[in-house]
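Down below is the structure, laid out as structure tokens.
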Amino acid sequence: MRTVDEHRAAVAALLKPTPIETRPLAEALGLVLAEELRAAVSLPPFDNSAMDGYAVRAADVADATEAAPVRLPVTTDIPAGRTDHPTLAPGTAHRIMTGAPMPDGADAIVQVEHTDGGPPGGEVRIDRAVAPGQHLRRAGEDVSAGELVLPAGVDLGAARIGLAAAVGVAEVRVHRPARVLVLSTGSELVPPGKPLRHGQIYESNGVMLASAAREAGAVVEQLRFVPDDVPEFLAVLGERLGPGHEDGPVDLVLTSGGVSAGAYEVVKDALAKRGVEFIRVAMQPGGPQGAGRLTRLAGPASVKTQTADYPAVVTLPGNPVSSWVSFEVFVRPALRAAMGHPDSARPVVWASLGEELRSPVGKRQFRRGTYDPSSNTVRTVGGPGSHLLSALARANCLLILPEETERHEVGNRVEVWLL
Ligand code: AMP
Ligand code: MG
């Protein structure tokens, strides 16, 4: 029997770093930057107005008050986007908008609210003095040209993508998303939307695992699920991975079901001699697991893909909660690490246990829970049963009960992964 950590390491070792590619910035959300970004321009690139109002020389309005306003001729209008270099003559004002370039000779902005809004060609009444530099945004105040704005290894969220665009970046070098195939097995399975007969259930792991892999940042293809039939299972894999069917690289094949100790363990039967090792992991749920590289499909046909490597295979158990927990524990961190993510694990907190619990000695138990940040308390939702999908859907965390302890008392500190 493997420990959880041993199997985690085995799965992580299967997933190599994904190659680096160039992408338009707009297609880089959630990906990890592979090369640092330096600013081609300063931010702001030029001195500009922080307000709608009037560009002036502060000295010209130094005595302005509401009781004794100063009147200045408005000699031109500077909307945002004006690209020439107007010059402000002493004793005059330019009407100016937020983000418009400061005219030469001006050193402050009077907000429009402190004026009568006088038009270009006319006169403006100014009711308030301003200090030199007021309401002015200086070139380079935010970023200097040449400065490092984003180091390699950060993930690209909305704000970082915005910053990259602001310094003129159109394309970025990123770790490409991992490509994942999902294949469910089970003769009892029926696609949602079709009528169920007695003994049948709806196929839910496929779309759940595909969604989990997408949430982790992978690109996913969900293959049509198969009954517990080895030739059909291999045929579906062969349609995607066999010679002549290489529709792009595959980093990982994820299967569901057919790996435990029953009589019709299709995944085990099909893949045990094709490069995948089937073992038991000391955990609950999710004991039966398998991992390896798919070296062969039907007959002698090799499945070497365009990655010039055999795709990694992780075979997850069929019980929905086991499948999902196994994905969280083994697959998600490995996938994210392969895509270069600095935070491949879920955020961990240590919380106070809100109820008494028992867990089997010798196994690490992953219970579904609700974490309350205001009291730093965690409670379980639903029992330990690995078929209790509705409780999983209500959970906001996983609660980890270690191998060596059977009794967990109220108030004990327990490890919690926030989902
Ligand atoms: P298995 O691991 O194939 O023995 O399946 C264990 C349990 O999970 C059985 O009750 C199956 O019916 C159920 N199961 C397996 N695959 C799926 C699936 N894709 N969707 C929903 N339930 C499944
Ligand atoms: Mg099955």
Side-chain angles (χ1 to χ4, degrees), residues 1-2 4 7 11 180-215 218 220-237 239-240 252-272 274 276-292 313-332 363 365-368 382-395:
M1 188 130 77
R2 269 187 196 169
V4 171
H7 193 57
V11 172
V180 177
L181 300 187
V182 172
L183 173 52
S184 296
T185 67
S187 295
E188 72 279 32
L189 304 176
V190 171
K194 294 264 164 63
L196 277 188
R197 292 168 56 188
H198 180 66
Q200 298 182 321
I201 59 168
Y202 287 121
E203 202 280 300
S204 59
N205 289 352
V207 72
M208 176 179 69
L209 293 169
S211 303
R214 286 191 187 111
E215 265 180 0
V220 181
E221 291 168 56
Q222 203 183 327
L223 304 181
R224 74 181 155 84
F225 63 86
V226 293
D228 295 316
D229 181 84
V230 170
E232 197 165 342
F233 175 83
L234 290 174
V236 167
L237 276 185
E239 282 164 20
R240 177 60 180 78
L252 174 66
V253 178
L254 266 186
T255 67
S256 127
V259 293
S260 48
Y264 307 98
E265 304 296 2
V266 59
V267 175
K268 205 183 217 176
D269 295 345
L271 299 183
R274 292 184 163 83
V276 178
E277 194 182 359
F278 292 90
I279 41 89
R280 290 193 66 84
V281 176
M283 71 189 282
Q284 195 186 58
Q289 301 285 343
V313 182
V314 175
T315 66
L316 303 175
N319 271 307
V321 178
S322 307
S323 218
W324 184 89
V325 167
S326 306
F327 180 90
E328 271 298 313
V329 175
F330 304 118
V331 182
R332 186 181 183 277
K363 287 188 177 174
Q365 195 179 56
F366 293 85
R367 298 287 297 267
R368 282 65 66 202
S386 54
H387 58 297
L388 303 172
L389 193 51
S390 75
L392 172 61
R394 275 177 289 150

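In listed order, ligands and their atoms are each counted from 1.
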Salt bridge check, E232 against R224: does any charged N sit closer than 4.0 Å to a carboxylate O?
yes
Tell me if a side-chain donor or acceptor on [X] pairs with a main-chain N or O of [Y] at a distance below 3.5 Å.
{"X": "D228", "Y": "S187", "answer": "yes"}
{"X": "Y202", "Y": "K194", "answer": "yes"}
{"X": "S184", "Y": "F225", "answer": "no"}
{"X": "R214", "Y": "V220", "answer": "yes"}

Heavy-atom distances under 4.0 Å are what count here, so tell me which part of [X] touches ligand 1: side chain, backbone, both or neither.
{"X": "S204", "result": "both"}
{"X": "E188", "result": "side chain"}
{"X": "I201", "result": "side chain"}

Going by the order shown, which atoms of ligand 1 are within less than 4.0 Å of some heavy atom of [X]?
{"X": "Y202", "result": "20 (N), 21 (C)"}
{"X": "S184", "result": "19 (N)"}
{"X": "T185", "result": "16 (N)"}
{"X": "S256", "result": "16 (N), 19 (N)"}

Within less than 4.0 angstrom of ligand 1, does G186 place any heavy atom?
no
Considering only heavy atoms from C-beta outward, does the side chain of [X] approach that of [Y] to under 4.5 Å?
{"X": "V331", "Y": "L316", "answer": "yes"}
{"X": "V190", "Y": "I201", "answer": "no"}
{"X": "T255", "Y": "F233", "answer": "yes"}

Among all protein non-hydrogen atoms, which one is nearest to [atom], and what is the separation to 0.1 Å?
{"atom": "atom 19 (N) of ligand 1", "answer": "E203 OE2, 2.8 Å"}
{"atom": "atom 17 (C) of ligand 1", "answer": "N205 ND2, 3.3 Å"}
{"atom": "atom 6 (C) of ligand 1", "answer": "N319 N, 3.6 Å"}
{"atom": "atom 3 (O) of ligand 1", "answer": "G258 N, 2.9 Å"}
{"atom": "atom 4 (O) of ligand 1", "answer": "S260 OG, 3.8 Å"}

To the closest 0.5 Å, what do you measure between CG (L271) and CG (L237)?
6.5 Å
Before you tell me yes or no, could you show the steps for L389 and L392 under side-chain contact (heavy atoms from CB on, under 4.5 Å), namely the whole-Å CA-CA distance, both residues' side-chain angles and the distance that decides it to 0.1 Å?
CA-CA 5 Å; L389 193 51; L392 172 61; 3.8 Å; yes
Do ligand 1 and G257 have nitrogen or oxygen atoms that lie under 3.5 Å from each other?
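N/O-N/O distance under 3.5 Å: no.
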For ligand 1 and G318, I'd like to know whether there is a polar contact (N/O to N/O, distance under 3.5 Å).
yes
